[in-house]
Amino acid sequence: MDQHLHIISFDIPYPPDYGGVIDVYYKIKTLSEAGVKIHLHCFKYNRKPEKKLEELCVSVNYYPRKNDIKTHLSLKPYIVGSRISAELESNLLKDQYPIIFEGLHTCHLISDKRFAGRFKIYRESNIEHQYYFHLFKAGRGIRNKAFFYIESLRLKNYQKSLKHADLMLVVSEEDRKYLKKAFPSKRIEYMPSFHKEDGIFMKEGRGSFALYHGKLSVPENEQAAAYLVREVWDPSMPELLIAGQNPAATLTLLARSRKNIRIIANPSEEKMFELIRDAHLHILVSFQATGLKLKLLNALYNGRFCLVNNAMVAGTNLAPLCLTGNSPEELRGKTMSCFGEEFTEEMIQARLMLLGNTYSNKKNCKELMNFLTLRYEKNPSTH
């Protein structure tokens with residue numbers, strides 16, 4: 001018998017070129033390849049409808065995101081209120097299939113009484129109020145900081161709506177502990193992010209540069225890149241490339257002041273993949289410990305050495321695969337010693353063994369399908 005599943009995505013999940021949509025897209029791809037009939041619902045604002053998604057899904061629906069003054073002034077978080085759609089409600093009520101709500105952003109209907117009998121899965125990617133409070137601390141400009149602070153308060157209050165989820169799937173053990181404390185009676189399972197997993201692309205040997213990559217328009221990533229430029233890198237160190245989407249002018253100017261630091265703005269997917277493979281060292285730092293940093297998983301699957309701080313690997317089992325430094329001095333020292341080493345076949349095999357045990361898309365897809373099967377057995381009307 002066919003398994004059908006609704007997935008509500010906060011954004012159009014193609015191309016899969018930043019954290020949240022990477023998980024959504026590769027989840028869709030892996031479930032579709034396993035035979036699950038997916039009904040995808042996407043909120044549209046900066047991206048265009050994508051035929052690639054129609055190849056993977058039984059149906060794809062797009063809904064406009066609201067941006068009016070009423071939505072901004074509501075007590076409901078803006079990221080939730082801007083994704084309210086009567087058409088989405090109507091489409092979901094046409095059947096009784098299970099629903100995955102991707103992020104707190106999409107959870108407007110999770111507490112709706114009309115969906116009380118539906119199997120509802122909350123897919124967590126961050127503890128959102130903590131994430132937005134960090135954006136408040138990292139952001140620039142009074143208007144932006146005020147928005148992030150107010151949104152963090154609204155999200156903290158709205159989090160209680162998750163009590164209506166039947167299952168929560170979280171991306172890190174730290175987040176699982178937090179949500180289990182907040183919702184002790186709920187089933188909360190650790191399921192790492194789905195990701196690009198098409199083969200082994202790590203290269204033995206040495207590279208000539210270090211790399212920081214990420215969506216540079218995100219305040220957290222901009223803050224991390226600026227920290228590396230200001231606090232860590234000095235003129236005696238190898239070249240540092242900072243690559244990603246839409247870097248701020250301030251970051252670009254800051255990097256220009258250093259002869260051994262270069263910004264690569266808006267690289268193509270192919271160029272980014274090339275940079276990740278060719279770098280000798282990936283240096284990735286974070287200033288908050290929630291979520292799974294998909295840029296790290298990307299580097300581990302496709303690159304050579306990874307140097308991180310503790311927050312980058314919190315709640316994961318990835319620390320043994322990385323070098324760790326938590327101060328500018330430690331990061332400088334580990335960088336310099338790393339450039340004296342070669343990346344070997346033994347290192348590649350050790351990495352693949354650990355990654356395959358926990359971060360396999362097929363393994364996690366099978367687990368997710370088991371959750372859906374249990375629901376189908378309990379509620380035959382969803383067939």
Side-chain angles (χ1 to χ4, degrees), residues 5-25 27-28 38-50 53 57 59-95 97-116 118-132 135 144 147-148 150-166 168-171 193 215 217-218 291:
L5 174 66
H6 289 285
I7 296 179
I8 310 174
S9 178
F10 51 86
D11 197 356
I12 297 173
Y14 196 91
D17 56 3
Y18 74 90
V21 297
I22 292 173
D23 177 48
V24 179
Y25 174 74
K27 186 187 305 111
I28 290 169
I38 297 169
H39 304 264
L40 178 62
H41 307 269
C42 311
F43 285 91
K44 179 177 64 173
Y45 47 109
N46 290 325
R47 294 175 163 221
K48 296 178 181 179
E50 177 53 55
L53 298 172
C57 302
S59 65
V60 182
N61 290 281
Y62 299 95
Y63 312 96
R65 189 175 172 193
K66 298 178 181 179
N67 192 30
D68 52 51
I69 190 67
K70 183 179 178 182
T71 305
H72 279 280
L73 296 177
S74 171
L75 292 176
K76 192 183 291 289
Y78 172 74
I79 65 170
V80 178
S82 61
R83 292 177 172 88
I84 294 175
S85 168
E87 185 183 358
L88 171 62
E89 294 176 27
S90 176
N91 285 333
L92 292 174
L93 288 168
K94 290 176 181 177
D95 53 61
Y97 303 142
I99 306 168
I100 294 181
F101 297 83
E102 295 284 353
L104 204 56
H105 317 56
T106 68
C107 285
H108 170 64
L109 295 173
I110 203 166
S111 59
D112 191 304
K113 291 181 180 178
R114 292 172 295 174
F115 296 90
R118 299 286 280 275
F119 187 50
K120 300 182 291 292
I121 300 173
Y122 169 59
R123 176 45 160 174
E124 180 263 3
S125 59
N126 268 310
I127 304 301
E128 292 295 344
H129 69 87
Q130 294 178 2
Y131 177 68
Y132 272 80
L135 293 180
N144 279 342
F147 169 75
F148 290 136
I150 292 168
E151 190 73 347
S152 73
L153 296 178
R154 291 189 290 203
L155 286 162
K156 187 172 184 179
N157 180 60
Y158 190 75
Q159 181 180 267
K160 63 179 179 287
S161 67
L162 295 179
K163 67 184 180 183
H164 297 282
D166 298 290
M168 301 187 202
L169 299 176
V170 304
V171 297
S193 295
K215 190 176 182 182
S217 58
V218 174

Short question: side chain of Arg154, backbone of Ser74 - any donor-acceptor pair under 3.5 Å?
yes

Looking at Asp95 and Arg118, is there a salt bridge between them, counting it only when a charged N and a carboxylate O are closer than 4.0 Å?
yes

Which atoms form the tightest heavy-atom contact between Leu162 and Met168, and what is the distance?
O-CE, 3.4 Å

Might you point out which heavy atoms bring Gln159 and His129 nearest each other, and give the distance in Å?
OE1-CD2, 3.6 Å

Pairwise side-chain contact, Arg47 with Pro15, heavy-atom cut-off 4.5 Å (strictly under):
yes

Minimum heavy-atom separation for Ser9 to Thr106, with atom names?
C-CG2, 3.9 Å

Would a 4.5 Å heavy-atom cut-off, applied to side chains only, mark Arg83 and Leu88 as touching?
no

Can you measure from SG (Cys107) to NE2 (His164) and round to the nearest 0.5 angstrom?
10.5 Å

Give, for atom OG of Ser193 and atom CZ of Arg123, the distance between the pair rounded to the nearest 0.5 Å.
5.0 Å

Let me confirm one number: the NE2-NZ distance from His72 to Lys66, rounded to the nearest 0.5 Å.
12.5 Å

Check against side-chain contact (heavy atoms from CB on, under 4.5 Å), Leu92 and Tyr97
CA-CA 8 Å; Leu92 292 174; Tyr97 303 142; over 6 Å; no

I would like to know whether Lys76 and Asn157 meet side-chain contact (heavy atoms from CB on, under 4.5 Å); could you show each step before the answer?
CA-CA 9 Å; Lys76 192 183 291 289; Asn157 180 60; over 6 Å; no

NZ-OG distance between Lys44 and Ser85, expressed to the nearest 0.5 angstrom
11.5 Å

List the residues meeting salt bridge (Lys or Arg N to Asp or Glu O under 4.0 Å) with Glu128, not counting sequence neighbours, and say none if there are none.
none

Can you see whether Tyr45 engages Asn67 through a side-chain donor-acceptor pair at a distance of less than 3.5 angstrom?
no

Answer yes or no: does atom CG of Leu75 have more than 12 heavy-atom neighbours from other residues, nucleotides or ligands under 6.0 Å?
no

Distance (rounded to the nearest 0.5 Å) between Lys215 NZ and Tyr18 OH:
5.0 Å

Quick one: does any side-chain atom of Glu89 pair with a main-chain N or O of Leu109 as donor and acceptor, under 3.5 Å?
no

What's the shortest heavy-atom distance between Lys27 and Ile100, and which atoms?
CD-CD1, 4.4 Å

Would Tyr63 and Asn91 satisfy side-chain contact (heavy atoms from CB on, under 4.5 Å), going step by step from the backbone distance to the final call?
CA-CA 11 Å; Tyr63 312 96; Asn91 285 333; 2.9 Å; yes

Identified side-chain contact (heavy atoms from CB on, under 4.5 Å) counterpart of Arg65 within the set Asn46, Ile79, Asp11, Thr71
Ile79

Search all heavy atoms of Ala116 against all heavy atoms of Lys120 and return the closest pair with its distance.
O-NZ, 3.8 Å

Determine, stepwise, if the pair Phe43 / Ile8 fulfils side-chain contact (heavy atoms from CB on, under 4.5 Å).
CA-CA 8 Å; Phe43 285 91; Ile8 310 174; 4.0 Å; yes

Going by the rule side chain to side chain contact (heavy atoms under 4.5 Å, CB included), which residues pair with Leu53 if we only count those two or more places apart in sequence or in a different chain?
Ile12, Pro13, Tyr14, Tyr25, Leu40, Glu50, Val60, Tyr62

Heavy-atom check, side chain of Tyr122 versus side chain of Leu104, under 4.5 Å
yes

Closest heavy-atom contact between Leu135 and Phe148?
O-CD1, 3.5 Å

Starting at CD1 of Ile28, measure out to CG of Asp23 and round the result to the nearest 0.5 Å.
9.5 Å

Could you tell me whether Asp112 and Arg114 have a side-chain N and a carboxylate O separated by less than 4.0 Å?
yes

